[in-house]
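The shown structure was predicted, so the numbers you read here are calculated from the model rather than taken from an experiment. Residue numbering restarts at 1 for every chain, and letters A, B, ... go by the order of the sequence lines.
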Amino acid sequence: MIRITLPDGTAREVARGTTPADIAAAIGPGLAKAAIAARVDGELRDIMRPLEADAQLALVTTRDEADALELARHDFAHILAEAVQDLFPGTQITFGPSTDDGFYYDVMAPASRGPFTMDDLPAIEEKMRDIIRADKPLRREVMARDALIATWQNAGESFKAEWAAELPEGEELSVYWSGDDWMDMCRGPHLASTGKLDPAAFKLTRVAGAYWRGDQKNPQLSRIYGTGWLNKKQLDAHLLRLEEAAKRDHRRLGQDMDLFHLQQEAHGSVFWHPNGYLIWRELESYMRRAIDGAGYKEVKTPQVMDARQWEQSGHWGKYRANMFVIPDEVPNVDDEGPVISGEADWMALKPMNCPAHVLIFRQGIKSYRDLPLRIYENGCCHRNEPHGALHGLMRVRQFTQDDAHIFCREDQIVEEVQAFCALADRVYKEFGFTYSIKLALRPDQRFGSDSDWDKAENELRDAVVRAGLATPEYGWEELPGEGAFYAPKLEWHLTDAIGRTWQVGTIQSDRVLPERLDASYVGEDGARHRPVMLHRAIFGSYERFIGILIEHYAGRFPVWLAPVQAVVATITSEADGYAHDVTAKLKAAGIRVEADTRNEKINYKVREHSVAKVPHLLVVGMREAEEGKVAIRSLGSDGQRIMTLDEAIAMLSHEATPPDIR
RNA sequence: GCUGCUGUAGCUCAGUGGUAGAGCGCGUCAUUGGUAAUGACGAGGUCGGGAGUUCAAUCCUCCCCAGCAGCACCA
């Protein structure tokens, strides 16, 4: 007999080999029906898997949504693989995990037919529904490793065989049978049968290439994605959320609102239109006020530097493939022969600002009294990104960072990092974001000694702990191997208005570059010391931050950021004169306002400016002209507010003032 | 960079082996109206670029470029 303890503290003596399903049945028929899995000593398990020893048992039902979704998605993935193999014999299966909103399975299509495409999805979906309707039992079986490898080899499943062969010898390998005719190697757990899934609660969404085991050198597989839920209602809600997110797409809104454009002659670099650049300018002004207040000095450094400088910093060796290089010579002007000789020295467009800031630091002799020295730049950088990585404003080849480097003594690091945490906190909150903080630890390939990495990681962790931010509430997490080659990174991940996260801010504690570029200061003791260099950014890049803001606000910018803050729209041309007076007064008050005196109906003007997401529409007809008033219709509300012109100016001026100086 | 898909008017898209169409936008005229589209007329396109097949290519084939969805990358 074994002793099974339930969540309410009661215990039951049952025979070894009893399943959680048996126990559920013993408790009551309702629970027996509702239970879909079990947590055994905290581990999620099949409801049909026999209990072998004393354990804490909690039965999982569909009301335990996170667990239930995880199980369902994992099952959907298996059924997807089974359906694909059923429809396309010769397809090899590899892996199929659950994801945040569903599942995928990586398969290798038979050589005869080529990769799968979207056109294959409807048939696969239908076959999946057949399998679900057939209510095939999902049965766990433990196999000896060698037997399993042989099974895979016989079945022509070379990927599965390769993986099984790499698992530790003697490990208990579980497989799951779907009925008696299909099997996959899997840790589980699974639902008791395919019929536990709702055939209307999933949808295959796309097909894409993915490398076997995530390595570019390996063969590329077809990854079939699906979204999977517990019922159709959840699926529909999810599809609706996707539609909402698509409406916020910064590329679409950027075009609709005439903010910027991209074109192939300069792909990956942004053409900012007047409206978009107004947002940029407001952000720049905002950031200047922030860094001025925080004791930074702003600089401007060269776009192009000798390649030797990048060799010394270590970037040439590691990132040359993504740098724009320029021969330092006069191009051949004859019609004959190549334009470039290929013999000149190389220069490179700067991919980052750090080395240039070190060069500024190195001018003159620095004393410990000069530290911390905080050097800021709106630094325009170029990186020749892989073409497939480019994405609207989010990943571009020319971008401007709100970049600063704090040169400080070791004993100043924690204090500086803490001050940065406070600054970042203020900025993100003023834009309406919540955030989480992560610490990215040393990568495998890195410069610098382990003891320096120990110090650097501890300092960053320490500062966050002292700032009181190393808590679950702030999503505190350490990410092994994710740091930069020269320093560990603290990362700020913003959560936007619809719950998506974006990594933007960072601060990195670097002892490598000061060493490589020979930065030093004279200490109290009269000797030379290395400063530590803190790399930090809050927006990350203006391009990307604006992209995030567009999606965060869904184009409805707060008044202080809105390119056009108000439009004065006339109802009849008799009010044109008054409209121009109102417009002039608002302009004099510093409001970005336009007059719309076109010969159009007020309905048309309301619609057009609403679609254009202008925050305030000031409607004026003869009534307002005679009374010296305006009828304000604000974006997002149907009604109007009648107020005097002075009241309107006071209200708009307040809203148009940036939050940091309001 | 890899896999797949896409590229037709300023935008969104339809279409065909015999060199093109809609809606919106734009222009002109009429209309002066009270809070999400007034009407009429009109002007716009070497159908992403190059090569090939064909009597004939926007359409079929190949190469290139860009975009999209993933993957890989992201100092």
Same-atom distance (P) from G67(B) to U8(B), integer angstrom: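 Comparing P positions in G67(B) and U8(B) gives a spacing of 14 Å.
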Check this for me, if you would: do [X] and [Y] make a salt bridge, where the nitrogen-to-carboxylate-oxygen distance has to be below 4.0 angstrom?
{"X": "Glu482(A)", "Y": "Lys489(A)", "value": "no"}
{"X": "Arg308(A)", "Y": "Glu311(A)", "value": "no"}
{"X": "Asp496(A)", "Y": "Arg248(A)", "value": "no"}
{"X": "Lys629(A)", "Y": "Glu647(A)", "value": "no"}
{"X": "Arg213(A)", "Y": "Glu166(A)", "value": "yes"}

So, does the side chain of [X] form a donor-acceptor pair with the base of [N] at under 3.5 Å?
{"X": "Tyr211(A)", "N": "G70(B)", "answer": "no"}
{"X": "Arg395(A)", "N": "C73(B)", "answer": "yes"}
{"X": "Glu385(A)", "N": "C74(B)", "answer": "no"}
{"X": "Arg223(A)", "N": "A69(B)", "answer": "no"}

Measure the distance from [atom1] on [X] to [atom2] on [N] and round it to the nearest whole Å.
{"X": "Asp119(A)", "N": "C5(B)", "atom1": "CG", "atom2": "P", "answer": "8 Å"}
{"X": "Asp249(A)", "N": "C68(B)", "atom1": "CG", "atom2": "P", "answer": "9 Å"}
{"X": "Leu390(A)", "N": "A69(B)", "atom1": "CG", "atom2": "P", "answer": "12 Å"}
{"X": "Phe485(A)", "N": "C74(B)", "atom1": "CZ", "atom2": "C1'", "answer": "13 Å"}
{"X": "Gln445(A)", "N": "C73(B)", "atom1": "CD", "atom2": "P", "answer": "12 Å"}
{"X": "Lys203(A)", "N": "A69(B)", "atom1": "NZ", "atom2": "C1'", "answer": "14 Å"}

query: For RNA chain B, what are the stems built from at least three Watson-Crick or G-U pairs in a row, each pair having both distances below 3.5 Å?
result: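 Looking at RNA chain B, the stems formed by three or more consecutive pairs are B:1-7 with B:65-71, B:10-13 with B:21-24, B:26-30 with B:38-42, B:48-52 with B:60-64.
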message: Parallel, tilted or perpendicular, judged at 30° and 60°: which one describes the rings of His357(A) and His405(A)?
response: perpendicular
- request: Syn or anti for G44(B), please, going by whether the chi angle lies within 90° of 0.
  value: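 This nucleotide is in syn.
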Give each protein N/O atom lying under 3.5 Å from an N/O atom of nucleotides 37-40 of chain B, with the pair distance.
| from | atom 1 | to | atom 2 | distance (Å) |
| --- | --- | --- | --- | --- |
| A37(B) | N7 | Arg607(A) | NE | 3.3 |
| A37(B) | N6 | Arg607(A) | NH2 | 2.3 |
| A37(B) | N1 | Arg607(A) | NH2 | 3.1 |

- prompt: If you check every side-chain atom of His387(A), which of G1(B), G70(B), G4(B) has the closest atom?
  reply: G1(B)
task: Give one of base, sugar-phosphate or nothing for Arg213(A), where a contact means two heavy atoms less than 4.0 Å apart.
output: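 Here Arg213(A) touches no strand at all.
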query: Which residues in residues 397-404 of chain A have at least one heavy atom lying under 4.0 Å from any atom of RNA chain B?
result: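 Result for residues 397-404 of chain A: none.
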Intermediate values then yes/no, salt bridge (Lys or Arg N to Asp or Glu O under 4.0 Å), Lys438(A) and Glu478(A): CA-CA 6 Å; Lys438(A) 322 262 181 213; Glu478(A) 305 201 356; over 6 Å; no
